[in-house]
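What follows is a set of notes on a single structure, which appears directly below.
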Amino acid sequence: MRLATWNVNSIRARAGRVVDWLVREDVDVLGMQEIKCKPEQFPLDEFEAAGYDVIAHGLNQWNGVAFASRLPMTDVETAFAGQPGFLKGAEGPDQPLEARALGITVDGIRMWSLYVPNGRGLDDPHLAYKLDWLARLREETTRWMAANPGSPLALMGDWNVAPTDEDMGDPSFVPGLSTHISPPERAAFSAFLDAGLIDVVRPLVPTGYTFWDYKQLRFPRNEGMRIDFILGSPTFADSVTAAHIHRDERKGDAPSDHVPVSVDLAAGDDDDLDRPMIF
DNA sequence: ATGCCTCGCGTCGCGAGA
């Protein structure tokens, strides 16, 4: 199985490009972020013509997450337990949920398409929202892993955090002044690794960015950021046989500012991985 | 540099993105 994540920056502006890539790369399941539309506005026909079913979760022109899959999708959730909401200018609990998380199960694998809040600025209420959102997601992930020991889980999406200095190549992001690299954001990300999740791409693709700003020739200068990740539970990580950052998708006409990230998994219906080794 | 792109909205200026 080939599984991928991609912040598409408007699916209506990018459907042709996304479907072409899915077919060309033989992708089975794609988690998308920033579809920027409601489900009834999603360009379903182009996906269905290529053999993909779509589940979309979008509330308005902002955010929005979706899955496209050639395999059956079950157990759909449009938010994780404890997910906080946000409304600009509002404070306290009971702010409305945004369309930033979508969970499904495919072939026994629990997977989430996640669009972590941007943060906007170190002094902005959106940063507190981002940190709370990540902390709540980490708590729910820990709870889920304890309740489902040994079950494969993949958290994939746009995390809006550059976890190490090697992941930040955009000179406009300044330590002490900028989001994405601040110590609390990095701590919120590394808490997932502490909880037992594994970055399944980095060991196989040790360098490279997944995002380049549209402005200031960031892509030609390769001044990008690695902020899109696939984190897996141990059993999920054990099944990963390959990983790719599809850098070429930043080229050509009307690209997203993010590129897709994919992993290949050993076939789920053979039991080679469970067979005891005999010497 | 309050800038530089790109997108959606809703009518050409603004919020949001990272």
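Here is the naming used below: chain letters follow the sequence lines, and residue numbers restart at 1 for every chain.
- The P atoms of B:dG13 and B:dC4 are separated by 14 Å, rounded to the nearest whole Å.
- Side-chain contact, A:R14 with A:S10: no donor N or O sits under 3.5 Å from an acceptor N or O.
- A:W159 has its ring centre less than 6.0 Å from the ring centre of A:F192.
- If you check the side chains of A:T207 and A:E166, you find no donor sitting under 3.5 Å from an acceptor.
- When the side-chain nitrogen and oxygen atoms of A:R14 are compared with OP1 and OP2 of B:dC7, one or more of them lie within a distance under 4.0 Å.
- Under the 6.0 Å distance and 45° angle rule, A:R100 counts as a cation-pi partner of A:Y115.
- Comparing A:I11 and A:M225 by the nucleotide of DNA chain B whose heavy atom lies nearest to each, the residue mapping closer to the 5' end is A:I11.
- Residue-level contact check: A:Y115 touches the backbone only, with heavy atoms under 4.0 Å from sugar-phosphate atoms and none from bases.
- Between A:E40 atom CD and B:dG8 atom C1' the separation is 15 Å, expressed in whole Å.
- At a threshold of 4.0 Å, the pair A:R202-A:D167 counts as salt-bridged, since one of the basic side-chain nitrogens sits closer than that to a carboxylate oxygen.
- Judged purely by distance below 3.5 Å, without hydrogens or angles, the side chains of A:D170 and A:W212 never pair a donor atom with an acceptor atom.
- With hydrogens and angles left out, the side-chain atoms of A:E34 and A:N7 include a donor and acceptor closer than 3.5 Å.
- No salt bridge links A:R2 with A:D28; every basic N to acidic carboxylate O contact stays at or beyond 4.0 Å.
- A 6.0 Å sphere centred on CD of A:E40 holds more than 12 heavy atoms belonging to other residues, nucleotides or ligands.
- For the pairing with A:Y129, the side-chain hydrogen bond (donor to acceptor under 3.5 Å, both in side chains) check across A:R120, A:K88, A:E98 returns one residue only, A:E98.
- Atoms CD (A:Q33) and C1' (B:dG17) sit 14 Å apart, rounded to a whole Å.
- To the nearest angstrom, C1' of B:dC5 lies 14 Å from CD of A:E34.
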Legend entry - Stepwise side chain to side chain contact (heavy atoms under 4.5 Å, CB included) test for A:V240 and A:V201: CA-CA 9 Å; A:V240 173; A:V201 174; over 6 Å; no

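- Among the nucleotides B:dC5, B:dC9, B:dG8, the one closest to the side chain of A:S10 is B:dG8.
- Here A:D213 lies out of heavy-atom contact (under 4.0 Å) with every strand.
- Distance A:F211 CZ to B:dC5 C1': 10 Å, rounded to the nearest Å.
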Find every protein N or O atom lying less than 3.5 Å from an N or O atom of nucleotides 14-16 of chain B, and list the pairs.
{"unit_1": "B:dA16", "atom_1": "OP2", "unit_2": "A:K88", "atom_2": "NZ", "d": "2.7"}

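- At whole-Å resolution of the value, CG in A:N60 and P in B:dC7 are 18 Å apart.
- If you measure from atom CD1 of A:I35 to atom P of B:dG8, you get 12 Å, rounded to the nearest angstrom.
- Across B:dC14 and B:dA1, the matching P atoms stand 23 Å from one another, rounded to whole Å.
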Shorter than 3.5 Å, N or O on both sides, protein versus nucleotides 1-3 of chain B: list them out with atom names.
none

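- Contacts of A:D124 with the nucleic acid, taken as non-hydrogen atoms under 4.0 Å apart, are absent.
- Counting non-hydrogen atoms under 4.0 angstrom, A:D228 reaches nothing in the nucleic acid.
- Here B:dT6 presents its C1' atom at 5 Å from OH of A:Y214, a figure rounded to the nearest Å.
- Using a 4.0 Å cut-off on heavy atoms, the residues of residues 244-262 of chain A that approach DNA chain B are A:H258, listed by number.
- Side-chain N or O atoms of A:S113 include none that pairs as donor or acceptor with a backbone N or O of A:L102 at under 3.5 Å.
- The interatomic distance linking A:D170 (CG) with B:dG17 (C1') rounds to 13 Å, in whole Å.
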